[in-house]
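See below for the structure under consideration.
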Amino acid sequence: MITWSLPKILGGKNERELKKIRPIVRRINEIEISLQGETAEKLTMLTRKWQEHLARYHPLSAPTKSELESYDTPALEKIAKTLESRFLALADEFPAIPRNLSATVDSIEKAKAFFQEIESHFPSARAKYLQKILPEAYAVVKNAARRLSGSKIVVNGHAETWQMVHFDVQLIGGVALHRGLIAEMQTGEGKTLVATLPVYLNALTGLGVHVVTVNDYLAKRDSEWMGALFGFLGLTVGCLENQMPPTKRRTAYACDITYGTNSEFGFDYLRDNGMATTKDEQVQRGHYMAIIDEVDSVLIDDARTPLIITGASEQGPHPFDIHKPKIEKLVRLQTELCNQLAADAKQALEKGDTSAAGLLLLKLKLGQPRHRQFLRFMEKPELRRLLEKTELRYQQQAFRKDIFKLKEQLYFAIDEKGRDADLMEKGRIFLAPDDPDSFTIPDIGPNFAAIDADASLSREEKKIAKQKLHEQRNARAGTVHSISQLLKAYCLHERDVHYVVRDGKVTIIDESTGREMEGRRWSDGLHQAVEAKENVAVEDENHTFATITIQNYFRLYEKLAGMTGTGETEAAEFHDIYQLDVLPIPTNAPSLRIDENDQIFRTRREKFQAVISAVEKAHSSGQPVLIGTASVEASETLSRMLQRAKISHTVLNAKYHEQEAAIVALAGEAGAVTVSTNMAGRGTDIKLGKGVAELGGLFVIGTERHSSRRVDRQLRGRCSRQGDPGRSQFFISLEDDLMRNHSAPGQIASTMEQSISAARKDGKVISLGKLVETAQRQVEQQDYKNRKRVLDFDDVMNLQREIVYGQRNEILNTEDTRKLAHETIAECITCRMQGYFSEMEQFDPDFEPLIQWAESSLGIILDPGHLKTADPRQLLAEVVDEIAESYDQRLKKAPRVLVEQEERRAMLVAIDSLWQEHLADMDELREGVYLRSQGQKDPLVEYKNEGFKLFQKLMVSVQEQATGYLLQLASGLENYFSSAKAS
Ligand code: ADP
Ligand code: MG
């Protein structure tokens, strides 16, 4: 009952949402009709009127206090006038706003302060206004599209004719986007055009709307294509390109609308906030609104690896390079061992000793899950069942110990599903026969206790001894971690499946798209391990300048919205992580696509052969075929098979976006056969060639069910756009990854077996859709958990990053660097002195450490006699005042502008150098807590707690460092300017 009514309720919610939007669409169309009687100028006039109204909510750009102080009266008068005119526009809404500004620094400063106060009301005021003008504004965009129709525009160097006027469903999509929803619209529904509506409306604010695309090529295409419409209406459009210099980037961001990929936006943010040393170096001007095209690809697929800016490589061999030769040997040994296990298993099977065989299979799986012979065994359903039974038995509590014994017979144990590798005793002995323990992480608790109990050690000595233990332990943990990562690199990551090697670089292949993910790296040293395995230069990660996850980047925006053909299956994740709800929007014309049942085969080979025959059959009639694959390797295999069958075809490997788009665009021509990794050419329209509709349209073949249903839907969606005919079918086999890693492979296998034999009997293929989908759901959930985990860890970093970036920006933007410098110095002194006083014995205080510190760090001599009698709080105030005064005194002669610049620099350098060290420490901590997680503690909790402690330390060190730099600066400039005067 419940399962029956659930979809109805869900459908109902979407229906209600759509019903609410429909009257707005009617209204837009009414206005648009009336606009048809107007001139084109009416549109630009309306645009200007709205822009003008919204300009009152722009941030205020006024000179800093010290700049004002250097102005003469006429200059001040001018500033006062400009401010007055801005304030006038706000007077209705904020009656208390100052009206008559006088041309004094004081009056202008007061006005600035008032503005700051009312600024927090701007977002809601803006939103209200936008909502009010939405129907009219959307009508303006639609009308502009109508007027543009028939005119030639140049997109990517080709002249094209504009032929689009927004359909009603596109207007619905536009409303949904403005409301911050994910508009789910099928491929070919014209999402590019849909976005123009909310982009235009929100760009009127002048705050900059960012349109995020999945690749550079699409950013450029859409900025030029839609740029025609925006230009017509008088808005400016910019586009970020890879390798673009900062000046051009700044220009692109200064436009009303900026197109770019998520990496361009994200890396600019990191450079602006983590690296820029002056305000002028920053290129972004805020995060008002982002509209993300192919939002699932950006927020889900790309969100698995964070954006990282790393520093130059250090000299000297890398730990991975050091361990590699031995690990290589170890892997070889294990393979030999597994060969033997496989042979034994075969023998046991021949003898009919199934229980021995089951055990051997399990061992084989633990030892080398991608072992060739093992995979061949797994082609036989009865052996799969045997293995499954054995596994189940060992999962029972009573046998837990036995599984450990089983693992102990191997050099190392691999967990393919959990993507994990453990070095076992045998392996440890091989690596270090004399000291196998050097590969276990010691528990230092007891040692600590022993040190504490040792009366012969002084407090300081105890501290040192503990520190040493800590270091030893960390070094050990590092080695263990390196080895585990190398094992994973060798046993779980296959070249050309999981990554490619080109030009001395290891580039990740996105599993779902087959796309190479330039600039991304697997985290926790895995990437380096693969680099070591492939003999390419191991890049240094210890020097992280800045890093952020995609999730946390997009959370910066005040408004976020997205569009995709396939969002619903991921609705929960969008909601939980981004507070984005998905609204499926009906198609413009009813879909004519025929989704055939899956065809199931025992082996990959049989499956591929069936694919080739299906292609042959369709191809002989001239029907175009698009074959989607899950990996580059599969594409290549299929291509070879097609060649042998003498079918001319094109292969797309997600390498060159532009070329790809050109090829995919032709995939609908009569006789075309295109092999493509799942999402290559995404975003490009496949138009049907002449006469192709009569042949049944495009035939899409999937050669593997992907681990996420979304990717399958994406592939199917490549045909039957805008009411075209089309057909899709998946071919799957028991050897596909999805089947191998599914937690209930036995169930699938036996059902499949039944269906295969049934099919053999009466020539029918039974649908296994439900079972496959269950498998997919499980994998999706696991993937979501993994992404959530990355995010949970980054959230800890995110808090810290926000604080540090906040501080950096305060330094960059502050009007009064002196005030900040004073505060920094005061806080540092306070913290130190409180520390000294709290450590002193009450009746026999030792002032020596305090005196020494004051002399060496602050350059003042404290009088012990005075210290004895003074009230600590009083004393603190005295010291702070004294230092502040002498600081000001020393800088008196230096030019103000120079001092400000140097003060900024001093404080920034302190933050940056220590923050980078901190990032490395946090990385290390993360690895450490994972290793410790074997001790039943939740690594995340540990990471949070210890990360917090590290961060507190960081904050203190930053203050000290900055204070040191500031005091040095003061004496340096004093010397320079007094000697300059003298000479
Ligand atoms: P999507 O991103 O939704 O897959 P696109 O934005 O690539 O779709 O558009 C697909 C095709 O539909 C393009 O060729 C585009 O020119 C066409 N198109 C979009 N909207 C309209 C419209 N309102 N009228 C006519 N053609 C349209
Ligand atoms: Mg698109």
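In each ligand, atom 1 is the first atom listed, and ligand 1 is the first ligand listed. Quick caveat: nothing in here was measured; it's all calculated off a predicted structure.
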If you measure every N/O of Trp225 against every N/O of ligand 1, is any gap under 3.5 Å?
-> no
When you measure from atom 9 (O) of ligand 1 to every protein heavy atom, which one gives the shortest distance, and what is it?
-> Gly190 CA, 3.5 Å
Please report which non-hydrogen protein atom sits nearest to atom 11 (C) of ligand 1, along with the residue it belongs to and the distance in Å to one decimal place.
-> Asp685 OD2, 3.1 Å
Closest to atom 5 (P) of ligand 1 (heavy atoms only, candidates Asp293, Thr187, Thr192, Thr161) is Thr192
Measure the distance from atom 20 (N) of ligand 1 to every protein heavy atom, then report the residue, atom name and distance (to 0.1 Å) of the closest one.
-> Gln170 NE2, 2.9 Å
Within the 6.0 Å centroid threshold, strictly below: His210 and Tyr557 | yes
Residues that Ala571 engages under side chain to side chain contact (heavy atoms under 4.5 Å, CB included), provided they are two or more places apart | Val582
Do ligand 1 and Arg221 have nitrogen or oxygen atoms that lie under 3.5 Å from each other?
-> no
Does any N or O in the side chain of Gln170 come within less than 3.5 Å of the main-chain N or O of Gly190, such that one atom is a donor and the other an acceptor?
-> yes
Ring geometry between His287 and Tyr269 (parallel below 30°, tilted from 30 to 60°, perpendicular above 60°) | perpendicular
Part of Val165 within contact of ligand 1 (heavy atoms, under 4.0 Å) = backbone
Check each heavy atom of Gln163 against ligand 1 and say whether those closer than 4.0 Å belong to the side chain, the backbone, both or neither.
-> backbone
Of all the atoms in ligand 1, which lie at a distance below 4.0 Å from a heavy atom belonging to Lys687?
-> 14 (O)
Looking at Glu184, Glu568, Glu570, which hits salt bridge (Lys or Arg N to Asp or Glu O under 4.0 Å) with Arg713?
-> Glu184
For atom 12 (O) of ligand 1, the closest protein heavy atom turns out to be Gly188 O, 3.9 Å
Can you tell which part of Gln186 has a heavy atom less than 4.0 Å from ligand 1: side chain, backbone, both or neither?
-> backbone
For Asp581, enumerate each residue passing the salt bridge (charged side-chain N to carboxylate O under 4.0 Å, His left out) test, keeping only those at least two apart in sequence or located in another chain.
-> none
Only one of Thr236, Thr205, Asn202 passes side-chain hydrogen bond (donor to acceptor under 3.5 Å, both in side chains) with Asp256; say which it is.
-> Thr236
Nearest protein heavy-atom contact for atom 26 (N) of ligand 1: which residue, which atom, what distance?
-> Met164 CG, 3.7 Å
Which ligand 1 atoms, with their elements, are less than 4.0 angstrom from a heavy-atom of Leu193?
-> 20 (N), 23 (N)
for atom 24 (N) of ligand 1, nearest protein heavy atom and its distance come out as Phe167 CZ, 3.3 Å
Using heavy atoms and a threshold below 4.0 Å, how should the contact between Trp162 and ligand 1 be classified: side chain, backbone, both, or neither?
-> neither
Answer yes or no: is there a donor N or O on one side and an acceptor on the other, between the side chain of Tyr578 and the main chain of Phe554, under 3.5 Å?
-> no
Do we get Arg727 above Phe699's six-membered ring, with its NZ or CZ under 6.0 Å from the centre and within 45° of the axis?
-> yes
Within less than 4.0 angstrom of ligand 1, does Glu294 place any heavy atom?
-> no
Phe731 to Ala614 - nearest heavy-atom pair and separation | CZ-CB, 3.8 Å
